Colleague: 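Pasting a structure below so you can have a look.
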Amino acid sequence: MKLFLDTAHLADIETAVGWGILEGVTTNPTLAAREGMEFPDLVKAITDIVPGPVSAEVVAETREEMVDLGRALRAIAGNVYVKVPMTREGVAAGAVLAREGVPVNVTLVFSPTQAILAARIGAAFVSPFVGRIDDIANDGMSLLSEIVEIYAVQGYDTEVLAASLRHPQHVAHAARLGADIATMPFSVMEKLFNHPLTDIGMERFNADWEAYQAALADKRSDVSGSGGGTR
Ligand code: E4P
């Protein structure tokens, strides 16, 4: 399962690239709005940092407008994936773009039938929003599991991108279910590293190493001291 960041914040993206684990980025209009940059400039800046897929969403009413916007976004960089919403217009636009060879990410997916539609238009990614389903007291992971199963049975090529992940357990669960990609906020990716026993283990190793080096230093100074006395 590949690990993507769900953010448009450049500093966080740079940090995750530095960790050597980031394979792509997803953005959405809400995340882009926080950054206060022109959207095409923001998308370009992200694609300059991340070699993998960078999803950028089209915001428009009609399929024609979405197709135009999608083509313009794709022209920014070769790793732009065009995000279209799971609406009739969004799916129609996604179908046109996919036929042109533009990689499409169908977003706001909340049901297995919506995921089937995404696969049938040849989308590169389908994005079920796990956390938002949990938010309405339903089981987001059941949806993810159902989609993964349908895609396997049907042999669809579209990759399942588990989205709206809110905590590390979501990430582990998505991996266990066979999601192809997990996208998460920076705060969640940071937590993937953490375990208190790792911290305790590191403290002990560092303390033992220091004591060991100090003991060797004492031993060396004893030897050189006694060597001087034999003359
Ligand atoms: C995915 O592409 C979406 O941007 C994202 O995962 C939505 O997450 P949220 O429900 O936490 O806003």
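Keep in mind the model is a prediction, meaning the values are calculated, not measured. One is the number of the first residue; the rest follow in order along the sequence. All ligand and atom numbering here is 1-based and tracks the order in the structure.
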Colleague: Using the rule side chain to side chain contact (heavy atoms under 4.5 Å, CB included), only one of L22, V25, V17 pairs with I49; which is it?
Modeller: V17
Colleague: To check your reading of the model: name the closest protein heavy atom to atom 4 (O) of ligand 1, its residue, and the distance in Å.
Modeller: N28 ND2, 2.7 Å
Colleague: Do the side chains of K2 and E159 get close enough for a salt bridge, i.e. N-O under 4.0 angstrom?
Modeller: yes
Colleague: Quick check: does any side chain N or O of K83 sit under 3.5 Å from a backbone N or O of T27, one acting as donor and the other as acceptor?
Modeller: yes
Colleague: Any donor-acceptor pair under 3.5 Å linking the side-chain atoms of N105 with those of S55?
Modeller: yes
Colleague: Begin with the C-alpha distance, continue with both residues' side-chain angles, and end with the deciding distance and a verdict on salt bridge (Lys or Arg N to Asp or Glu O under 4.0 Å) for E100 and R71.
Modeller: CA-CA 9 Å; E100 290 176 4; R71 287 177 184 144; 2.5 Å; yes
Colleague: Output, in order, the C-alpha distance, side-chain angles, deciding distance and verdict of side-chain contact (heavy atoms from CB on, under 4.5 Å) for F39 and V43.
Modeller: CA-CA 6 Å; F39 190 51; V43 172; 3.6 Å; yes
Colleague: Give the residue, atom name and distance (to 0.1 Å) of the protein heavy atom nearest atom 5 (C) of ligand 1.
Modeller: D6 OD2, 2.7 Å
Colleague: Would you mind listing which atoms of ligand 1 come within a distance below 4.0 Å of any non-hydrogen atom of R166?
Modeller: 9 (P), 10 (O), 11 (O)
Colleague: Under 4.0 Å from a heavy atom of T26: which atoms of ligand 1 are those, numbered in the order shown and with their elements?
Modeller: 2 (O)
Colleague: Does at least one non-hydrogen atom of K83 fall below 4.0 angstrom from an atom of ligand 1?
Modeller: yes
Colleague: Out of all atoms in ligand 1, which are within 4.0 Å of some heavy atom of A163? Include the element for each.
Modeller: 1 (C), 6 (O)
Colleague: Can you figure out which of S164, A32, S55 has its heavy atom closest to atom 6 (O) of ligand 1?
Modeller: S164
Colleague: Give the contacting part of S127 toward ligand 1: side chain, backbone, both or neither, where contact means a heavy-atom distance below 4.0 Å.
Modeller: neither
Colleague: May I ask you to identify the nearest protein heavy atom to atom 12 (O) of ligand 1, giving residue, atom name and distance to one decimal place in Å?
Modeller: R132 NH2, 2.8 Å
Colleague: Which heavy-atom pair separates L165 from M141 by the least distance, and what is that distance?
Modeller: CD2-CE, 4.3 Å
